[in-house]
Amino acid sequence: QVQLVESGGGGSVQAGGSLRLSCAASGYIYSIYCMGWFRQAPGKEREGIASLRHYTSNGTPYYADSVKGRFTISQDNAKNTLFLQMNSLKPEDTAMYYCAAARGGSCARVNEADFDYWGQGTQVTVSS
């Protein structure tokens with residue numbers, strides 16, 4: 001089993017601002033192949049926004065078009081922590097953000113069905 005705990009959300013940030021989310025992984029982390037970030041706004045389906053191969057320094061990250069150029073996914077392997085740096089935030093980025101881990105599948109896309117473990121989510125609110 002793998003446990004994921006997100007942090008860094010809560011409160012409100014103004015449009016144009018920045019925020020960094022963290023996701024601490026514990027448990028049988030050596031089983032993880034891919035890490036990803038998802039988000040879900042009220043009344044909308046969950047959207048995969050970024051993914052990165054786990055425990056590799058040369059993996060190519062994937063980004064959804066909605067966040068490409070503004071968000072950056074990264075990881076600290078020594079601390080078993082995944083990050084999502086969010087810049088130039090927009091009100092439409094307001095959502096619950098989830099960290100997820102996959103044991104297999106393709107890390108070249110962020111397909112919800114590929115991910116096996118999920119965090120509890122952290123709220124990001126962007127005010128105009």
Side-chain angles (χ1 to χ4, degrees):
Q1 285 289 339
V2 173
Q3 294 78 42
L4 303 171
V5 179
E6 302 98 334
S7 61
S12 178
V13 60
Q14 286 199 329
S18 297
L19 200 62
R20 189 174 83 156
L21 303 182
S22 300
C23 172
S26 61
Y28 195 56
I29 59 173
Y30 300 103
S31 68
I32 300 174
Y33 171 74
C34 177
M35 298 287 293
W37 286 99
F38 292 76
R39 67 184 182 185
Q40 187 168 22
K44 294 189 176 181
E45 293 186 353
R46 188 148 55 184
E47 174 191 19
I49 58 174
S51 64
L52 185 65
R53 284 277 307 278
H54 193 230
Y55 272 138
T56 179
S57 58
N58 59 355
T60 300
Y62 163 87
Y63 296 100
D65 288 342
S66 57
V67 305
K68 196 174 296 182
R70 300 188 299 122
F71 290 11
T72 301
I73 186 172
S74 62
Q75 60 189 347
D76 183 333
N77 292 328
K79 296 182 179 179
N80 298 319
T81 302
L82 182 74
F83 302 102
L84 184 69
Q85 178 66 43
M86 304 185 293
N87 298 330
S88 302
L89 282 163
K90 305 174 182 180
E92 50 263 44
D93 293 320
T94 295
M96 184 72 79
Y97 283 69
Y98 298 91
C99 169
R103 295 192 302 260
S106 172
C107 209
R109 62 176 190 266
V110 199
N111 186 350
E112 184 174 349
D114 289 340
F115 287 79
D116 304 288
Y117 306 104
W118 295 83
Q120 81 288 351
T122 186
Q123 178 67 37
V124 172
T125 302
V126 183
S127 59
S128 57

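Values reported hereafter were calculated over all heavy atoms of this structure, with side chains retained and with hydrogens, waters and symmetry mates removed.
- Residue Y30 is not grouped with residue Y33 when hydrophobic side chains (ILVMFWY) are merged at heavy-atom distances under 4.5 angstrom, including chains of intermediate members.
- Across all their heavy atoms, E47 and A64 have their closest contact at OE2-CB, 4.3 Å.
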Exercise. Report the C-alpha distance between T94 and Q123 in whole Å, list the side-chain angles of each, state the deciding distance to 0.1 Å, and finish with yes or no for side-chain contact (heavy atoms from CB on, under 4.5 Å).
Key: CA-CA 8 Å; T94 295; Q123 178 67 37; 4.0 Å; yes

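- In the hydrophobic cluster analysis, where Ile, Leu, Val, Met, Phe, Trp and Tyr join through side-chain heavy atoms closer than 4.5 angstrom, V67 is grouped together with M35.
- Hydrophobic clustering keeps F115 apart from W37 (ILVMFWY residues linked when any side-chain heavy atoms are closer than 4.5 Å, directly or through intermediates).
- Here the options are V110, L52, I73, the test is side-chain contact (heavy atoms from CB on, under 4.5 Å), and the partner is Y63; only I73 passes.
- Note: I29 CD1 to N80 CG = 3.0 Å, rounded to the nearest 0.5 Å.
- No path of Ile, Leu, Val, Met, Phe, Trp and Tyr side chains, each step under 4.5 Å between heavy atoms, connects F71 with F83, placing them in separate hydrophobic clusters.
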Using atom types as modelled, flag every donor-acceptor pair under 3.5 Å from a side chain in residues 7-19 to any protein atom, sequence neighbours excluded.
residue	atom	partner	partner atom	Å
S18	OG	N87	OD1	2.9

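- Listed by chain and residue number, R46 satisfy the side-chain hydrogen bond (donor to acceptor under 3.5 Å, both in side chains) test with E112 (two or more places apart in sequence, or in another chain).
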Just list the side-chain donor-acceptor pairs under 3.5 Å for residues 95-105, sequence neighbours left out, or say none.
residue	atom	partner	partner atom	Å
Y97	OH	R39	NH1	3.0
Y97	OH	D93	O	2.6
R103	NH1	Y117	OH	3.1

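- For the atom pair CG (L21) and OG1 (T81), the distance works out to 13.0 Å, reported to the nearest 0.5 Å.
- D114 contributes atom CG, which lies 7.0 Å from atom OG of S106 (distance to the nearest 0.5 angstrom).
- Put simply, the side chain of Q120 reaches to within 4.5 Å of the side chain of E6, judged on heavy atoms.
- F38 and L82 are assigned to two separate hydrophobic clusters, defined by single-linkage of ILVMFWY side chains at heavy-atom distances under 4.5 Å.
- Taken from CD in Q75 to OG in S22, the straight-line distance is 13.0 Å, to the nearest 0.5 Å.
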